Amino acid sequence: MAGLTGWHLLALVVIVLLLFGAAKLPALAKSMGQSARVFKGEMKAMREEDTVAEQTEAPQPKGSTAPESGTATGPERPS
């Protein structure tokens, strides 16, 4: 934040107070905190899902990209 001085921050605080009013600021801060908490929880869950998926993946032999014969590759279609 290059170039931001104390006067800039003071002006921002005054503008926020004028826009939202002093009575609404605690509710705004509470909702922002709840949103951040939910976001952090979702990110943690996604990381855990990724680690579980990595652990359950079986490594394929080198040089083989085709599935083995006799394994199911998807739902069977009627002929």
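Along the sequence shown, residues carry numbers from 1. Computed from heavy atoms alone, side chains included, the values below leave out hydrogens, waters and symmetry copies. What you see is a predicted model, and the numbers here were worked out from it, not measured in a lab.
Heavy atoms only, all atoms of each residue included: A23 and P26 are closest at O-CD, 3.5 Å.
L18 belongs to a hydrophobic cluster whose remaining members, ordered by chain and number, are V14; membership requires side-chain heavy atoms of ILVMFWY residues under 4.5 Å apart, directly or through intermediates. Other residues sharing the hydrophobic cluster of V13, ordered by chain and number and joined by side-chain separations under 4.5 Å: I15, V16, L17, L19, F20, L25, L28, M32.
Pairs engaging residues 17-29 under the side chain to side chain donor-acceptor pair (under 3.5 Å) rule: none recorded [sequence neighbours left out].
Residues that satisfy the side-chain contact (heavy atoms from CB on, under 4.5 Å) test with E49, not counting sequence neighbours, are absent from this structure. Listed by chain and number, the residues in a side-chain contact (heavy atoms from CB on, under 4.5 Å) with S35 amount to none (sequence neighbours excluded). Residues satisfying the side-chain hydrogen bond (donor to acceptor under 3.5 Å, both in side chains) test with T5, not counting sequence neighbours, are H8.
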